[in-house]
Amino acid sequence: MRAADVSDWGTLVFEIMSQQTPIARVQPIWLEWMERWPTPADVAAASSADIIVAWANLGYPSRALRVKACAAAIVEKHDGEVPLSLKELTLLPGVGTYTASALLAFRHGIRVPVLDTNVRRVLVRFLDGREFPPHTTPSKAETMRADAILPEDGHHAAEVSLSLMEFGALVCTQLNPSCDECTIHDNCAWAAAGFPKDEKRPTPQPYAGTDRQARGRIMKALRTAHFEGTDGLTKRKVLDAARIDGGDRYQPTRVYRALLKDGMIVYNEDTKRVSLPR
DNA sequence: CATTCGTGGGA
DNA sequence: TTCCCAAGAAT
């Protein structure tokens, strides 16, 4: 959240929740989350299971564990205060260049380029005449170029960054941009070049039948069990939950092991039950 | 560097 | 109904 009465930590949690997740879905869960665990110390002291359950349907639940790890790092290495440098922020779990920049720019008016997927697409089209950025992560040159077009004042720079983000989200969109209604059409290098299609368009991400879907089934079953106060589920139940249409016969076991390795779930040798980590 | 990591509302 | 996607990070 970018309101004035929200803490740095609250903003950071909101930004991490918003990674690849629609804002509309984030907001209500973030509100409950902040009421329950207002500070990094609160989150660090909470159980991982409660954290994952509170993450609810935001998706990519590993981010929930990263928020907890991030909180712990802030408590241990920064005396409970969110550090306000790009360097220190990006060293925190779950915080990459985008999230760190967004916090510094939008909350503190610090002059740093904010390169999310929308901004990158807008700049590469308008300046280079290409449909999409060449790589999945911003290059050094991209960052420097973005920096160069920002106004001197940090607060103004943040406004420009936010405008670019929204422009990319609403007008200069990934697949069907509204070039007819675009107000900067006349100066756009991509328009001048005749809107050339990129060779390697972003590959559509399949979901049905994938390990991700199977993992999601397991995590949902365990979230529900934990929320209802059950002491986990039998391994049999967990593997059954991972059975999905389109999955191969080894998928349940493969996915189960991966979740154990990721620390998303734990197996108790004594109770013979699988549950969310403490 | 390309790939992996969920979810459910709306087109 | 089926498909598409939404403020990235870690590996």
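These numbers come from the heavy atoms of this one structure, side chains and all, not from hydrogens, waters or symmetry mates. Since the structure is predicted, the reported quantities are computational estimates derived from the model, not experimental observations. So that the names make sense, note that chain A is the first sequence line, chain B the second, and so on, each numbered from 1.
When all heavy atoms of A:Ala157 and A:Arg111 are compared, the closest pair comes out as CB-CG, 4.0 Å. Nearest approach of A:Leu58 to A:Arg25, heavy atoms of both residues: CD2-O, 3.6 Å. The two residues A:Thr137 and A:Glu142 come nearest to each other via the heavy atoms O-OE1, 4.3 Å. Across A:Met34 and A:Ser7, no two heavy atoms sit closer than the pair CE-OG, 4.4 Å.
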Exercise. Taking protein heavy atoms under 4.0 Å as touching, what does nucleotides 6-11 of chain B look like 5' to 3' if B marks base contact, S marks sugar-phosphate-only contact and - marks none?
Worked result: BBB---

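Tested against A:Cys70, the residues A:Val75, A:Leu89, A:Val95 include a single side-chain contact (heavy atoms from CB on, under 4.5 Å) partner, A:Val95.
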Problem set entry | Test log, rule salt bridge (charged side-chain N to carboxylate O under 4.0 Å, His left out), inputs A:Asp240 and A:Arg243 | CA-CA 5 Å; A:Asp240 280 348; A:Arg243 284 197 208 163; 3.3 Å; yes

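Considering CZ of A:Arg125 and CD of A:Glu131, their distance stands at 5.5 Å, rounded to 0.5 Å. Between the CH2 atom in A:Trp9 and the OG1 atom in A:Thr39 there is a gap of 9.0 Å [rounded to 0.5 Å].
Hydrophobic clustering, defined by side-chain heavy atoms of Ile, Leu, Val, Met, Phe, Trp and Tyr closer than 4.5 Å, groups A:Leu276 together with A:Ile52, A:Val53, A:Leu65, A:Ile218, A:Met219, A:Leu222, A:Phe227, A:Leu233, A:Val238, A:Leu239, A:Val255, A:Tyr256, A:Leu259, A:Leu260, A:Met264, A:Ile265, A:Tyr267, A:Val274.
A:Ala24 comes within 4.0 angstrom of no nucleic acid atom, judged by non-hydrogen atoms across all strands. Within 4.0 Å (heavy atoms only), A:Val114 reaches no atom of the nucleic acid at all. At the heavy-atom level, A:Ile16 lies nowhere under 4.0 Å from the strands shown.
Protein atom CG of A:Leu92 is 13 Å distant from nucleotide atom C1' of C:dA9, rounded to whole Å. Computed from coordinates, the A:Leu260 CG to B:dC5 P distance equals 15 Å when rounded to whole Å. Going from atom CG of A:Leu103 over to atom P of C:dG8 covers 16 Å, rounded to whole Å. If you take CE of A:Met17 and P of C:dA9, they are 16 Å apart, rounded to a whole angstrom. Rounded to whole angstrom, the span from the CG atom of A:Leu170 across to the C1' atom of C:dC5 amounts to 14 Å. Rounded to an integer number of Å, the gap from A:Leu89 CG to C:dG8 C1' is 15 Å.
Distance from the side chain of A:Arg66 is smallest for C:dA9 among the nucleotides C:dA7, C:dA9, C:dC5.
Heavy-atom distances to DNA chain C give each of A:Glu166 and A:Thr90 a nearest nucleotide, and the one nearer the 5′ end belongs to A:Glu166.
Using bins of under 30°, 30° to 60° and over 60° for the plane-to-plane angle, the ring pair A:His185/A:Phe195 lands in the tilted bin.
Between the C1' atoms of B:dC5 and C:dC5, the separation comes to 16 Å (whole Å). Straight-line distance between the C1' atoms of B:dG6 and C:dC4: roughly 14 Å, to the nearest whole Å. B:dT4 and C:dA7: their P atoms are spaced 23 Å apart (whole Å). C:dA9 sits 23 Å from B:dG8 when the P atoms are compared, rounded to a whole Å.
Proximity of residues 147-157 of chain A to DNA chain C (heavy atom under 4.0 angstrom from any strand atom) is not detected for any residue. Residues of residues 116-142 of chain A that place a heavy atom closer than 4.0 Å to DNA chain C, in numerical order, are A:Asp116, A:Thr117, A:Asn118.
With sequence neighbours left out, the side chain to side chain donor-acceptor pair (under 3.5 Å) criterion links A:Asp153 to no other residue. By the side chain to side chain donor-acceptor pair (under 3.5 Å) test, A:Gln20 is found to be paired with no residue, residues two or more places apart in sequence or in another chain being considered.
Proximity of A:Ser18 to the phosphate of C:dA6: no side-chain N or O atom is located under 4.0 Å from OP1 or OP2.
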